There are 2 protein chains.
Amino acid sequence: MNETESTAQSGDEVLRLDRQLCFPLYAASNMLTRAYRPLLEELGLTYPQYLVLLVLWERAPRMVGEIGHQLFLDTGTLTPLLKRMETAGLVTRQRDPEDERRVIVSLTDKGSTLREAAREIPLKIASSPKLTLCEAENLHETVWKLIRGLNGQA
Amino acid sequence: MNETESTAQSGDEVLRLDRQLCFPLYAASNMLTRAYRPLLEELGLTYPQYLVLLVLWERAPRMVGEIGHQLFLDTGTLTPLLKRMETAGLVTRQRDPEDERRVIVSLTDKGSTLREAAREIPLKIASSPKLTLCEAENLHETVWKLIRGLNGQA
DNA sequence: CGATATTATATTGCGCGCAATCTAATATCG
DNA sequence: CGATATTAGATTGCGCGCAATATAATATCG
C-alpha cells in the first residue's frame, strides 16, 4: 500500500473533506461574495465595503474601532479599506479633536445616497430560491451561535 | 433629519446587518480560519493549504482542476498556492505526459506523513463546545444545501 | 491536413484578512 | 509632575480569492 497513491481507506474519517464543518462555511462564504460581486460592482463596491456601509447606514459617524468590532475585522484590514472608500468619496476620515487617537468615519452625501440603490441587493440575492425561509432562519441562528462560541473563547 | 448623522429609523430593515444571512457566514468563516491558524502553524500550513491536503489525502495524485472543483477554487488561487506547497516540500507538480495541458499534483512523503499530525486538528477545533452535535449536523446540512443552490445557478 | 474551437493551466493586478510591529495620544500611578 | 502603561490607529509583509487575460496543447470540423 503506497501512501502516495491512494490513501482513502484508513479509519481516520475525521479528516474527510465532507466531514468538516469549517469547509462548507468557507466555501459558502466565498460563493456568496462571488454572488454579490456583480450587484455590488454596479455600485462601485466590494463586499467588505458594503458591510462597512451597512454599519454606517445604521448609525454614523463611527469610530474605526466600532466598525471593526461589529464586523470582526481589525485595523490592518479596515484602515486601507476605509482609505479606498474615502478616495471613492463614500466616507470621510478625521481625527477626533476630543481624543486625537481616534478617527471618526462619517458618511458623505454620496455614501448616504448609495443606500437607496443598495436596497435592491438583498432582494436580488434572496430571489433565486436556495433555502426555504425556515432553513434560512435556522441557519442564521445556528451560525450566530457558532460565532458567539468562537468569539467567547477568544 | 440629517442623513449623515443618524439614519437607522427608516423602514428598510432589509439592510440591517443583523438581518443579513451572508454576513454571519462571512464572519464565521473568518473566525474559523483564525481558530485553525495556531494549530496549522505548527504544521507549517495555511487553512487553504490544509484543505488541499485533505483532498489529496483522500486520493492522490490529482489534477489541479480536480482539486479546484472540490474546493470551489480556480487556478488563479491554486497555482501559486500549489507552488508554495511544492517549495515547502509537501507536493510535487509535473505535467501529464499523456496530455501536456494537465498538471499532476502528487503528495511527497512529507506531505503524506503530515496526515498523522493533522489528525489531532478536527478534535482540537471541536473540543471547545460551541454547538451541540445536532446543531452542527443541521448547520452542515443546511450550508451544503445553500452551496448546491449557489453552485447550481452559477 | 489545416483552420478554428476548446481545454488546462499560468499570469497579472487588485482588494482583502491578519499577525506583528510601530507611533502617537491619553490614562494611571508614585 | 514625570515615568510607565494602555489605547486607537497605521504600517508592513504575506497569503489568499478572483476577474481578466494569456499561453500552450488537444480536439473538432471542413
Side-chain angles (χ1 to χ4, degrees), chain A residues 23 26-42 44-52 61-69 71-88 90-91 93-105 150 154, chain B residues 23 26-42 44-52 61-69 71-88 90 93-105 154:
Chain A
F23 170 62
Y26 163 88
S29 175
N30 287 344
M31 291 169 84
L32 276 168
T33 302
R34 246 172 282 166
Y36 274 88
R37 193 184 309 273
L39 302 178
L40 291 174
E41 213 157 60
E42 294 174 27
L45 294 174
T46 64
Y47 182 66
Q49 287 171 16
Y50 170 70
L51 291 180
V52 167
R62 298 266 214 164
M63 300 297 132
V64 171
E66 287 180 87
I67 300 171
H69 184 255
L71 300 180
F72 306 101
L73 294 173
D74 74 359
T75 65
T77 300
L78 281 175
T79 297
L81 188 154
L82 289 168
K83 282 184 177 175
R84 280 186 291 272
M85 292 181 76
E86 187 178 35
T87 303
L90 299 169
V91 301
R93 300 179 330 120
Q94 46 199 318
R95 288 280 165 185
D96 185 349
E98 301 283 303
D99 182 343
E100 291 278 352
R101 288 172 304 182
R102 299 200 280 234
V103 168
I104 302 172
V105 182
L150 287 166
Chain B
F23 170 63
Y26 163 88
S29 175
N30 287 345
M31 292 169 83
L32 276 167
T33 302
R34 246 172 281 167
Y36 273 87
R37 193 185 309 273
L39 302 178
L40 292 173
E41 212 157 59
E42 294 175 26
L45 294 174
T46 64
Y47 183 65
Q49 287 171 16
Y50 170 69
L51 291 179
V52 167
R62 298 265 213 162
M63 301 297 131
V64 172
E66 287 180 87
I67 299 170
H69 183 255
L71 300 180
F72 306 100
L73 295 172
D74 75 356
T75 66
T77 301
L78 280 176
T79 297
L81 189 153
L82 289 167
K83 281 183 176 174
R84 281 187 290 272
M85 291 181 75
E86 187 178 35
T87 303
L90 300 168
R93 300 179 329 120
Q94 45 199 318
R95 289 280 165 186
D96 184 349
E98 303 282 302
D99 182 342
E100 291 277 351
R101 289 173 303 182
R102 299 200 279 234
V103 169
I104 301 172
V105 182

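Only this structure's heavy atoms are used, side chains among them; waters, hydrogens and symmetry mates stay out. Here is the naming used below: chain letters follow the sequence lines, and residue numbers restart at 1 for every chain. Just so it is clear, the structure is predicted and the values come from calculations on it, not from any experiment.
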Length of the line joining [X]:[atom1] and [N]:[atom2], which is rounded to integer Å:
X	N	atom1	atom2	answer
B/Leu32	D/dC16	CG	P	17 Å
B/Leu81	D/dC14	CG	C1'	13 Å
A/Glu98	D/dA8	CD	P	15 Å
A/Arg62	D/dG9	CZ	C1'	18 Å
B/Arg37	D/dC14	CZ	C1'	10 Å
B/Gln49	D/dG15	CD	C1'	8 Å
B/Leu45	D/dC14	CG	P	19 Å
B/Leu82	D/dG15	CG	C1'	13 Å

Options [options], nucleotide nearest the side-chain atoms of [X]:
X	options	value
A/Thr79	D/dA25, D/dG9, D/dA19	D/dG9
A/Glu100	C/dA10, C/dA19, C/dT26	C/dT26
B/Arg102	C/dT9, C/dT26, C/dA19	C/dT9
B/Arg95	D/dG9, C/dC18, C/dA10	C/dA10
A/Asp74	D/dC18, D/dC16, C/dA19	C/dA19

Task: Polar pair under 3.5 Å, donor/acceptor by atom type, side chain B/Thr75, base C/dA10 - done: yes

Open item on the list: Distance criterion of 3.5 Å, no angle test: do you see the side chain of A/Arg101 paired donor-to-acceptor with the base of D/dT7?
Closed with: yes

Task: Side-chain donor/acceptor of B/Arg95 to backbone N/O of B/Arg101, under 3.5 Å - done: yes

Task: Check: B/Thr77 main-chain N/O paired with B/Asp74 side-chain donor or acceptor under 3.5 Å - done: yes

TODO: Assign the ring pair B/Tyr47 / A/Tyr26 to parallel, tilted or perpendicular, where the plane angle (0 to 90°) is split at 30° and 60°.
DONE: perpendicular

- [ ] Kindly compute the distance separating CG (B/Leu78) from CD (B/Glu66), expressed to the nearest 0.5 Å.
- [x] 12.0 Å

Task: Nearest-0.5 Å distance that lies between atom CD1 in B/Ile67 and atom CG in B/Leu51 - done: 11.5 Å

[X] near the nucleic acid: base, sugar-phosphate alone, or nothing, with a heavy-atom cut-off under 4.0 Å?
X	value
A/Leu73	sugar-phosphate
A/Gly65	sugar-phosphate
A/Thr46	sugar-phosphate

- [ ] May I ask which nucleotide in the shown strands pairs with D/dA19, Watson-Crick or G-U wobble, both distances under 3.5 Å?
- [x] C/dT12

Task: Residue matched to D/dC29 through Watson-Crick or wobble contacts both under 3.5 angstrom - done: C/dG2

- [ ] Show your working on side-chain contact (heavy atoms from CB on, under 4.5 Å) between A/Val103 and A/Gln94 and close with a plain yes or no.
- [x] CA-CA 5 Å; A/Val103 168; A/Gln94 46 199 318; over 6 Å; no

Open item on the list: If you assign each of B/Arg93 and B/Arg34 to its closest nucleotide in DNA chain C, which residue comes earlier from the 5' end?
Closed with: B/Arg93

Open item on the list: Nearest heavy atom decides the nucleotide; on that basis, is A/Phe72 or A/Asp96 closer to the 5' end of DNA chain C?
Closed with: A/Phe72

Task: Earlier contact from the 5' end, DNA chain D, for A/Asp99 and A/Met31 - done: A/Asp99

- [ ] Could you pick out which residue, A/Glu41 or A/Ile104, lies toward the 5' side of DNA chain D when each is mapped onto its nearest nucleotide?
- [x] A/Ile104

Task: N or O in side chain of B/Tyr26 less than 4.0 angstrom from C/dC16 OP1/OP2 - done: no

- [ ] Report yes if at least one side-chain N or O of A/Lys83 is closer than 4.0 Å to OP1 or OP2 of D/dT11; otherwise report no.
- [x] yes

